[in-house]
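Worksheet for the structure shown next.
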Amino acid sequence: MDLIRKLKHYRISQDEYKKIQSLLKREPKGIEFALFSALWSEHCSYKSSRVHLKNLYRENKTVLQSFGENAGIIDLGEGEKIAFKMESHNHPSYIEPFQGAATGVGGILRDIFTMGARPIASANYLCFGDIQAPRMQELVDGVVRGIGGYGNCVGVPTITGQTEFHRSYNKNILVNAMSVGYFGPKDVICISRAKGVGNLVVYVGAKTGKDGVHGASMASESFSEDSSHKKPNVQIGDPFFEKLLIESCIEVMNKELVVAIQDMGAAGLTSSSFEMAAKGKVGMEIHLDQVPLRDSTVGPEEILLSESQERMLLICEPKKFEELKGVFTHWGLEASPIGKVISEQVMRLYWHNEILTEIDPDLLVDNCPAYKREFSEWKAKNRLSELKILVAEEKENEKTFKKIVGSIEGCSRSWIYGQYDQRVGARTERDANHSVSVLRLDHSNRGLAIAVGCRPYVMRFDAYVGGIDAVAYPALEMAAKGFTTLAVTDCLNFGNPEKNEIMSEFVASLKGMNSFCEAIDAPIISGNVSFYNETEGENITSTPSTGLVGLRSDKQSLPQDSFQNKAERVYLVRLPQIYFEGAVNNNAKGLGEFNISKLAYFIKSIEKMGADGDVISSRVVGKFGLAYALFRMASLNIGVEIKSDVMAQLLSEPRGLFSEVFYEVLFSVKAACDFLNRYRDNQYHIVELGSTIAEKLILGDKLVVSTSELNQIYNSGWEANFEGLA
Amino acid sequence: MKKCGVLRFPGTNCDFDTWKAVEKSGGKPEWLWHADHFNAKEFEAFLVPGGFSYGDYLRSGALAARSPAMDSLREANHLGRPILGICNGFQILCEAGLLEGALIKNAGLRFVDSWSEIKLVNPSSFWAANIKKDERINLPIAHGDGRYYAEKDTIKKMQDREQIWWQYVVNPNGSLNDIAGIKNEKGNVGALMPHPERALFAWMGADFGKNFFTALGH
Amino acid sequence: MKIGVRIMPRSELLDSQGRAVFKLFKDQGKNIESVRVGRYVELDIRLSDKDQALKHAEEMAESVLHNPLIENYRIEIL
Amino acid sequence: MKIGVRIMPRSELLDSQGRAVFKLFKDQGKNIESVRVGRYVELDIRLSDKDQALKHAEEMAESVLHNPLIENYRIEIL
Ligand SMILES: Nc1ncnc2c1ncn2[C@@H]1O[C@H](COP(=O)(O)OP(=O)(O)O)[C@@H](O)[C@H]1O
Ligand SMILES: [Mg+2]
């Protein structure tokens, strides 16, 4: 192969090639092309995003582990800790939705238990295209089956998520999976830093096949039509095998039989071994011929790059190896020594007795390129000087409203989470049917909440606002249930970073997200960047999805999501900063700006209300505005009556029945509770809307509608939209 | 305080949940590993937890049913020891011949997770003994292969001998005769698809499940 | 020696998958009478004697691979 | 006309079911080299012409029955 073709094959640019030459002080040879290709891929090296991720707010006193390890860890006090992270599996899921989504779940679970934490919950964030777009029903079906198939079998409940639809994802869906792991007082945290000269490098788990060879560099490339013909790249997941791996790895870690451990994720054995060595400032001798293979035709380069699933690499003292092996054998798995740790900082790779390369791991890991991609200063976008939203007649409103409630954007997602086991582990207090999911922690019995965020339509309005919203909205949802947001993980899904407008949105949304995290003291402790979500020149909506965890220590009962009885008093607590034309007309325009510190204060105040024992139910007003939020609280067919004068007062502001104001929160409280006086504050408004009633939503003279009829439309909406997907 | 054997197969994933349920009810749980025989006489009751033993590969429960521990469980059955199968445990007991019938793919061909109302048809003298005939309770279900099947004569016989333990109020999976749980003829072996160990406390959504384990505390 | 075991549901009642595929084909206007969906297991047996290998396969099919209550099976040499 | 479609996981790819069944047989001391688990679909096609029926079956196998990314199939007349 001539050089040009070789560089193209390995997706190494001319500049990168020059850099390789100068680092090596010689020409790269043989297998080294493959090593650089994998470790310098966008996916492994974060070369376009690193300069921006460096300055994130990622530490506070509760953070035990942040960026740089497989997942972040925070201390919850009382001897408990959690590890969590979110990761994308967009490209593989578009190619083969079932396996793509399944292996996405498997991969994020490994990131968690690699650290010694037992995975206790998963969440997923999904963006699909128009339901009429080619293959879309098949993609939705495959992704949901894949997530369920893997999570259910491995025994980790999938307890929350978010599902969006927009044409910008027609040829590039998003599948982001999050997982949360738990450490009890006696559990050990493990890290991936290799150390101890003479220690064994041990390969554990599935045998290596040709699956996903060049997967890492493929995920770092824009999509072209023929990607779906790249047959050999499909990775096959085996949740049953993963379950065995979880149990055995946690056992060897708790028995202190391992020095360091790392899962083989993107770029498989290469990235795991090189990163472990680079972190420990040591080297390794690795005998590739001793790697267990699925079939004998797998060669050294494929061994290095294979992304076969369910494999781990660990470092073990020679004297503990027999005991370690015993644990794996008990679980039906094999542990094979494939090399050892050496003091000289060099990776020496053998194939039988031949040395394939001797190379300093730092050259590939720490010296990978970092690009300052071009971007522009953010300017507020899509602002209107005035916003006139017409509120129509009652009949017309009712018609519009029913259409919204039954639309794919507005209808129930129970078709999705009804295929996920939400209770295995017996910790689930609030399942995916709730706006915030809650688990009980084993040791302290405190509530741990999980919510995901990022609303693509807000991103289409303004990336800076959208970045703030990606944290503020779910944090507000947590607060409305009395939870404090502790920390955040993110999954930054963007198009081509080489385009100025994409990179500008990346920078702006990250800035918004980060400033807000700092304002509420919720560090971003882990995350993932997925660039090149571009197909044939079309980019997805920039979608920085987030995963939040929150804690609530008191044992007061949690506010429900719905009105429970007639005659509850209903309040709207509001801090109107941005008036938004809303998700209804797809034309994302609005008015106003966020004031971050005021917003942070608002969230703190909402948190106090959410923890108030007199609160019966709560909900953040989100997509489609007030009427929709009230309807969602009426799932038990208890509605609300708002008097005409109250309605008129609300509508004197630039808002419609179905448009959003950032932000407003609804509470229903016991009839005897004087909520207004208890929480009076000049930093936000509280409006008493009215009282709950049976069977109807009455919004002054603007809208009167039967809740049972709406619920019926809401619950059958999915099936109505997806006729072919019984 | 009864000493209870909790069976564990590769892929069992409700093992800790079942363990905790036994403990909370005052029983004394002990693991029984699939690859080993055990002495049935040493235990007063047995639980076969839910999950995906062997990944549900081939047929759910089929591979687990052929393990050494199941030989010992058959002995336990001869001794008349109480045995409870939950979800995958139900599938394993059927595959092992300790209960009649089989559990096949849900009629809708999808995994179903939800709360489900079930009705007690014929009480068991050991498991959930304090729940009365015709009483209805709510328990979570979560399964892909929960559709009970047996031949007509078998079902008829089971009805006659009061072996039908639980029925769904609304059938979620196409189960014959709405069957959610059954017993063997002697009544010592019982199994159901719903998960009592996931409904032990009000905060879980309901606490009907704790009734299943009360006998373990005495 | 490679041996194949074809395992099919015993009746239509037991074959929801078959019915679903059938319905799909019908909706697509295919010229079809019925569809049945079962499993196929390929065993590579370390015996060169045909009869012995078949006997071995039969044992596995009887003891594990099929459940006689709901399935039938057939064995063939591949 | 009855036509069988045997759908097996592609040989280069992991067959997770086959791996689990194989391990169990090994543990039971069976004389076995490998196990692969696939699906079998029996189509009853309303055509008496063999070639036409086969063509019809192939179309169905291509379009619906198998996933070319992870499976291979073979067609046979039953
Ligand atoms: N992909 C998914 N996986 C699991 N749960 C989901 C998924 N998508 C949506 N959900 C659940 O559906 C519920 C309703 O979603 P949504 O319509 O966005 O309303 P909400 O504003 O209450 O979150 C959410 O509480 C969420 O937990
Ligand atoms: Mg939500």
Side-chain angles (χ1 to χ4, degrees), chain A residues 118-120 141 144-145 147-159 182 237-248 329-333 414-434 438-440 442 445-447 555 557-558 725-726, chain B residues 8-21 24 31 33-36 49-58 60 63-64 67 86-88 106-116 139-145 172 194-206 209:
Chain A
R118 173 174 290 280
I120 56 170
D141 187 42
V144 171
R145 282 182 192 273
I147 292 171
Y150 206 97
N152 301 348
C153 178
V154 81
V156 178
T158 306
I159 61 167
Y182 174 80
D238 184 353
F240 164 63
F241 208 86
E242 177 112 329
K243 169 69 176 164
L244 303 177
L245 210 50
I246 294 179
E247 297 303 335
S248 53
T329 310
H330 175 79
W331 287 101
L333 303 178
S414 65
W415 181 89
I416 298 178
Y417 56 74
Q419 299 183 56
Y420 298 160
D421 189 336
Q422 301 170 62
R423 265 162 283 269
V424 55
R427 297 180 183 87
T428 306
E429 177 165 12
R430 289 282 167 89
D431 61 17
N433 193 25
H434 298 85
V438 181
L439 296 167
R440 288 284 180 119
D442 295 10
N445 208 31
R446 290 175 295 173
K555 302 283 190 314
S557 67
L558 294 177
L725 256 194
Chain B
R8 236 182 158 191
F9 303 91
T12 300
N13 65 28
C14 304
D15 38 359
F16 295 109
D17 312 5
T18 307
W19 177 278
K20 282 190 267 181
K24 292 255 156 61
W31 293 128
W33 185 238
H34 72 107
D36 306 325
F52 281 72
S53 57
Y54 290 94
D56 270 4
Y57 295 144
L58 215 52
S60 35
L63 303 183
S67 17
I86 302 171
C87 199
N88 187 226
N106 293 347
L109 297 174
R110 288 182 191 278
F111 190 93
V112 279
D113 171 287
S114 69
W115 281 87
S116 181
L139 291 181
I141 54 168
H143 57 247
D145 300 337
H195 286 274
E197 81 284 13
R198 298 182 184 182
L200 295 180
F201 304 100
W203 64 258
M204 292 179 165

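Keep in mind that this is a model prediction, so the values were computed, not measured. As a basis for the values below, the full set of heavy atoms in this structure was taken, side chains included, without hydrogen atoms, waters or symmetry mates.
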Any donor-acceptor N/O pair, B:D56 side chain to A:F240 backbone, under 3.5 Å: no

Considering all heavy atoms, the nearest A:Y417-B:D113 contact: O-CB, 4.4 Å

Heavy-atom closest contact (A:V424 atom, B:D17 atom, distance): C-OD2, 3.8 Å

Side-chain touch A:R440/B:F201, heavy atoms, less than 4.5 angstrom: no

A:L244 to B:P10 - nearest heavy-atom pair and separation: CD2-CB, 3.6 Å

Nearest-0.5 Å distance, OG of residue B:S114 to CZ of residue A:R423: 8.0 Å

Residue A:E247 versus chain B: region with a heavy atom under 4.5 Å: side chain

Part of B:I141 within contact of chain A (heavy atom distance under 4.5 Å): neither

A:V154 portion near chain B, given a 4.5 angstrom heavy-atom threshold: backbone

Side chain to side chain donor-acceptor pair (under 3.5 Å), paired with A:D421, selected from B:H143, B:R198, B:H195: B:R198

Between A:S557, A:G155, A:G418, the one whose heavy-atom pairs under 4.5 Å with chain B are most numerous: A:G418

Contacting region of B:Y57 [heavy-atom separation from chain A under 4.5 Å]: side chain

Separation between CZ of A:R427 and CH2 of B:W203, rounded to the nearest 0.5 Å: 9.0 Å

Top contributor to chain B interface from A:E242, A:Q422, A:Q419 [non-hydrogen pairs under 4.5 Å]: A:Q419

Heavy-atom closest contact (A:C153 atom, B:G55 atom, distance): SG-CA, 3.9 Å

Pairs of heavy atoms under 4.5 Å with chain B: top-ranked of A:G148, A:G149, A:S414, A:G425: A:G425

A:N433, part contacting chain B, at a heavy-atom distance under 4.5 Å: neither

